[in-house]
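These notes concern the structure reproduced below.
Remember, it's a predicted structure, so these values are computed and weren't measured experimentally. Basis for what follows: all heavy atoms, side chains included, without hydrogens, waters or symmetry-related copies. Naming: A, B, ... by sequence-line order, numbering from 1 per chain.
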Amino acid sequence: MAKVIVITSGKGGVGKTTTSASFSSGLALRGNKTVVIDFDVGLRNLDLIMGCERRVVYDIINVINGEVSLKQALIKDKNCDNLFILPASQTRDKDALNLEGVARILEELKQSFDFIVCDSPAGIESGAFMAMYFADEALVVTNPEVSSVRDSDRILGILAAKSRRAVEGLEPVREHLLVTRYDPKRVNAGEMLSVTDIQEILRIPLLGVIPESESVLKASNSGTPAIHLDKSDVADAYRDVVGRFMGEDLPMRFVAEKAGFLKRLLGGR
Amino acid sequence: MSIEIPAFKIKTGTLPVLQLHILTTDMAQLKEQLALRLKLTPDFFASTPIALELSAIAESGAGLDYAELAAFMLEHGMCAAGVVGGSAGQRAAAVRAGLGLFTDAPARNIPKRDADQAPTVVHVVELHEQPELPGFSGGAAENQPADPPMAQAVAETPPVRATMVIDRPVRTGQRIYAEGGNLVVLAIVNAGAELIADGDIHVYAPMRGKAIAGAQGNEAARIFVQGMEAELLSIAGCFKVFEEGIPENVRGKPARVHLEGSRLLILPLMH
Ligand SMILES: Nc1ncnc2c1ncn2[C@@H]1O[C@H](COP(=O)(O)OP(=O)(O)OP(=O)(O)O)[C@@H](O)[C@H]1O
Ligand SMILES: [Mg+2]
């Protein structure tokens, strides 16, 4: 059964697109037929990070409007055989998306793919709603700061009440927490929330922690998803995330919290 | 016949009713799955009246042949009595098919307070709901019509206030309103979430949002929380916010809140 996975956050700029690119690449590297869809209509970012921007001819809106077939719009990834990208449109606005059209596209993709990864735009408006509505699972991308955690909490509330699974009374959307841009030094200095703090608020299972790293910017500038980087924490972290998602039991890396901090957490407040 | 002997009485009473949640408008699929389940426990229903719960298909607005469904159910010993929820069109069609209309669950009537800050989500929780039928398996045998004496007792004492129970996290932007009754929350209530009850509020987890008890002015309403981290507490319109943080003696601890005159008192639950 094909699975629809939304990469969502509420807050902007937390690493959804970076995660969508690496996560879908990781799934494909493991032999899964994977497609990643850019729902950020009007901005269009995913194709840049995947390094296929010059091959974009048609986009999701063309497909929704019936102007071209899905096959014509899908772009094959340059790094992975099993990966395809459905880009967003730069010229249209978000209103060009509609649930009916998205449903049709997903149904068709389900025929030939194992995983459908949906890169959500920021916010809680219609674009984000379209991206999450049909999700079976959700990766909630959160940075270790209060405003990001708060927005993730809101998104989780919407998933629990407004997604198709909620509306139709099906099994709830499976929720995963992904903490990105994590910097243990700043956490220990008390400048950022710890993974424990975040989990204490959101209370959903932790899928992984992606460290803060300059290499991410370099990777996206060169149009290569971070998971392909050599000798990189970020690549290792994303590979772990994919492994855990596929059911492997892997120890959490890149979290390194000092015991004293935990004590302060439990003792305080 | 003497007119002294009344031929009938009209009374209200709360009777347990089984609800069949309809999840599809595909009649063939519905019949097939129903038949399959009923084969396992053929005598389970024995003419029990059943309410058809339509909320899952309400949004689709799609039609369903209620007469056909009712006939099919009757063949299998289930007596369709009426519908709960559903779109206006679906309810009208049900009436045309000879079914009754159960009033909607009270939780659906969410009042519009501070419209500028409208919540994004409200859990729809049904009050007075019978426990779900776990795939119609046995064990729910006590779901028979109540004995007459019991029904009478219910009818003659004032109605018991409903309690709404929420067992999932209440998150930022969500608002729960227990109209006319108490609210019990078994999971975390996060900052930016709002609990409102006309009666009492109980939270058996950390409470970080707003709790508004006695929303219609009941000054005897109370709030109980297992971990006091609230943003705002209010009883019958008397409220308190915590700009300076929550008082040390209750912070993060079990606490109870009540009104004394016009003062909101927050006390440790245990001394
Ligand atoms: N682990 C990381 N370390 C350092 N920088 C990162 C990391 N992950 C993402 N970034 C940077 O953060 C910025 C935002 O990333 P990205 O575009 O993936 O976020 P987004 O959530 O998709 O944003 P939007 O809400 O605008 O769609 C980018 O400049 C990216 O390079
Ligand atoms: Mg993005």
Side-chain angles (χ1 to χ4, degrees), chain A residues 8-11 98-100 103 123-129 132-134 138 140 142 145-175 177 193 196-205 264-269, chain B residues 19-26 53-62 85 107 110 118-126 132 166-176 186-194 205-209 227-231 242 245-248 250-253:
Chain A
T8 184
S9 71
K11 191 171 158 70
N98 58 66
L99 277 187
E100 217 173 74
I124 52 171
E125 273 90 56
S126 79
F129 181 68
M132 74 159 63
Y133 186 76
F134 297 100
V140 178
T142 306
E145 47 180 86
V146 173
S147 63
S148 172
V149 175
R150 182 73 78 95
D151 286 358
S152 294
D153 193 48
R154 184 179 286 259
I155 284 288
L156 284 165
I158 297 173
L159 276 168
K162 296 254 173 106
S163 62
R164 181 184 69 96
R165 283 179 168 271
V167 170
E168 294 183 1
L170 306 174
E171 189 136 316
V173 176
R174 210 164 138 221
E175 302 156 338
L177 174 62
L193 297 176
T196 323
D197 291 336
I198 298 170
Q199 275 192 289
E200 166 59 25
I201 297 170
L202 296 180
R203 303 203 169 194
I204 61 172
R264 200 194 66 175
L265 235 183
L266 298 173
R269 284 179 70 102
Chain B
Q19 297 187 24
L20 183 67
H21 287 241
I22 306 293
L23 306 180
T24 175
T25 52
D26 182 340
E53 211 284 343
L54 304 181
S55 63
I57 60 167
E59 209 136 339
S60 78
I110 305 300
T120 53
V121 189
V122 174
H123 280 284
V124 177
V125 176
E126 293 167 6
E132 257 179 62
I166 304 287
D167 59 1
R168 297 176 62 183
V170 187
R171 301 184 181 279
T172 308
Q174 291 186 306
R175 171 187 292 163
I176 312 267
L186 305 175
I188 192 162
V189 179
N190 272 342
E194 207 171 292
M207 165 64 201
R208 299 168 175 150
M228 175 58 80
E229 299 174 43
E231 291 173 310
F242 302 97
I246 293 171
E248 185 90 39
V250 291
R251 191 186 308 155
K253 298 187 186 128

Requested in this report: Check for a donor-acceptor pair, side chain of B:Arg171 on one end and backbone N or O of A:Leu202 on the other, with a separation under 3.5 Å.
Outcome: yes
Requested in this report: Looking only at non-hydrogen atoms, find the nearest pair between B:Pro206 and A:Arg203 and report the distance.
Outcome: CG-NH2, 3.6 Å
Query - From CD (A:Glu200) to CD1 (B:Ile188), nearest 0.5 Å - result: 5.5 Å
Query raised in the report: What are the two closest non-hydrogen atoms of A:Pro172 and B:Arg168, and how far apart are they?
Result: CB-NH2, 4.2 Å
Query raised in the report: With a cut-off of 6.0 Å (strictly less than), are more than 12 heavy atoms of other residues, nucleotides or ligands near CD of B:Glu59?
Result: no
Query - Partner chain A: residue of B:Ala187, B:Ala191, B:Gly192 with the largest heavy-atom pair count (under 4.5 Å) - result: B:Ala191
Report summary line: One should read off an interatomic distance between A:Asp153 CG and B:Arg208 CZ, to the nearest 0.5 angstrom, of 9.0 Å
Query raised in the report: Considering only heavy atoms, which portion of A:Ile204 lies under 4.5 Å from any heavy atom of chain B: side chain, backbone, both, or neither?
Result: side chain
